[in-house]
There are 2 protein chains.
Amino acid sequence: MVDTVKIARALSDPIRYKIMTMLAQSDLGCCPIPGEKDLRPGLCNCELMSELGLIQSRVSYHMKELYEAGLVTEEPRGKWKVYFINTKTLRDFIQEINKDFALK
Amino acid sequence: MVDTVKIARALSDPIRYKIMTMLAQSDLGCCPIPGEKDLRPGLCNCELMSELGLIQSRVSYHMKELYEAGLVTEEPRGKWKVYFINTKTLRDFIQEINKDFALK
DNA sequence: TTGACATATCAAAAATATTTGATATTATGG
DNA sequence: CCATAATATCAAATATTTTTGATATGTCAA
């Protein structure tokens with residue numbers, strides 16, 4: 001099962017929580033490679049840096065935290081890296097909380 | 001609305017998460033006062049201390065964190081204090097995550 | 001291949017969170 | 001009221017997390 005405490009920790013930082021909402025709302029494919037199509041909606045580091053006003057290593061650190069908690073997936077796209085929200089982990093997280101705390 | 005980041009932080013410590021599961025599972029009223037009845041299922045500090053093997057000030061610290069996140073309610077009962085899980089906050093938390101991350 | 005750009009990693013500094021032991025507060029029962 | 005028991009608070013010590021700047025790695029395009 002998912003590591004509920006680890007996921008809670010990943011979500012417990014305001015910057016990371018914000019990044020997750022940005023990923024959830026992104027509806028445009030990012031960093032297109034000429035000739036490729038069907039880009040899934042996601043965000044790359046550079047967009048996160050400029051939107052949040054954070055330096056590169058800081059974004060990188062937080063994305064690693066989210067990745068290791070299973071909350072995002074990654075896809076190298078050319079020299080960029082694009083991140084996607086992993087809704088499966090979030091659903092499992094919610095299900096586990098429902099179970100652990102006898103909510104339904 | 002609930003402070004989702006704050007709740008996530010409260011749940012992000014293994015001890016606090018464990019305490020929440022213990023509160024969710026408690027089915028016996030605790031620390032009865034002679035003459036009173038209808039005790040809601042809950043746990044007092046002393047039970048948490050002995051079950052978890054933690055010293056008093058440490059339990060107190062963690063219960064305060066949970067209380068301030070709205071995850072538990074408290075009731076002084078005689079010279080004891082009994083804690084209850086606050087399922088409303090947990091439900092609101094889940095609802096907010098569903099909304100923020102477009103899960104359904 | 002080289003230069004430019006994007007990302008990853010690292011070590012040190014800074015900021016936060018947790019643990020502990022001591023002391024304070026509050027309630028109870030004698 | 002007094003002694004005892006339970007909980008709260010506090011300051012100091014520890015531990016953990018986050019931030020930063022520097023450097024390394026990897027990719028692309030010329």
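Order of the sequence lines sets the chain letters (A, B, ...), proteins ahead of strands, with each chain counted from 1.
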A:Y83, nearest nucleotide to its side chain (from C:dA8, C:dT19, D:dC28): C:dA8

B:R58 side-chain proximity, nearest of D:dT7, C:dT19, C:dT7: C:dT19

Sugar-phosphate, base or nothing in reach of A:L54, heavy atoms under 4.0 Å: nothing

Side-chain contact test, heavy atoms from C-beta onward, threshold under 4.5 Å: evaluate it for [X] versus [Y] and give yes or no.
X: A:I19; Y: A:I15; value: yes
X: B:V5; Y: A:L11; value: no
X: B:E74; Y: B:V82; value: no
X: B:Y83; Y: B:C44; value: no
X: A:R91; Y: A:Q95; value: no
X: B:I85; Y: B:M20; value: yes
X: A:L48; Y: A:E51; value: no

Is [X] close enough to [N] that one of its side-chain N or O atoms is under 4.0 Å from OP1 or OP2 there?
X: A:K81; N: C:dA8; value: yes
X: A:N45; N: C:dT7; value: yes
X: A:R16; N: D:dT18; value: yes
X: A:R9; N: D:dT18; value: yes

B:Y17 and A:F101 aromatic centres sub-6.0 Å: yes

Atom [atom1] of [X] to atom [atom2] of [N]: distance rounded to whole Å?
X: A:I55; N: D:dT18; atom1: CD1; atom2: C1'; answer: 11 Å
X: A:D13; N: D:dT17; atom1: CG; atom2: P; answer: 12 Å
X: A:E75; N: D:dT27; atom1: CD; atom2: C1'; answer: 15 Å
X: B:E47; N: D:dT7; atom1: CD; atom2: C1'; answer: 15 Å
X: B:I15; N: C:dA17; atom1: CD1; atom2: P; answer: 16 Å
X: B:K18; N: C:dT18; atom1: NZ; atom2: C1'; answer: 20 Å
X: B:K79; N: C:dT28; atom1: NZ; atom2: P; answer: 9 Å

Straight-line distance of B:D92 CG to B:D3 CG, nearest 0.5 Å: 12.0 Å

hbond_proxy A:Q56 side chain to C:dA6 base (donor-acceptor, 3.5 Å cutoff): no

Could you tabulate the donor-acceptor pairs under 3.5 Å formed by side-chain atoms of residues 52-73 of chain B, not counting sequence neighbours?
| from | atom 1 | to | atom 2 | distance (Å) |
| --- | --- | --- | --- | --- |
| B:H62 | ND1 | B:R16 | NH1 | 3.1 |
| B:E65 | OE1 | B:R9 | NH2 | 2.2 |

DNA chain C contacts among residues 60-70 of chain B, heavy-atom distance under 4.0 Å: B:Y61, B:H62

Bend angle of the helix from C:dT1-D:dA30 to C:dG30-D:dC1, end axes from five pairs each (to 10°): 30°

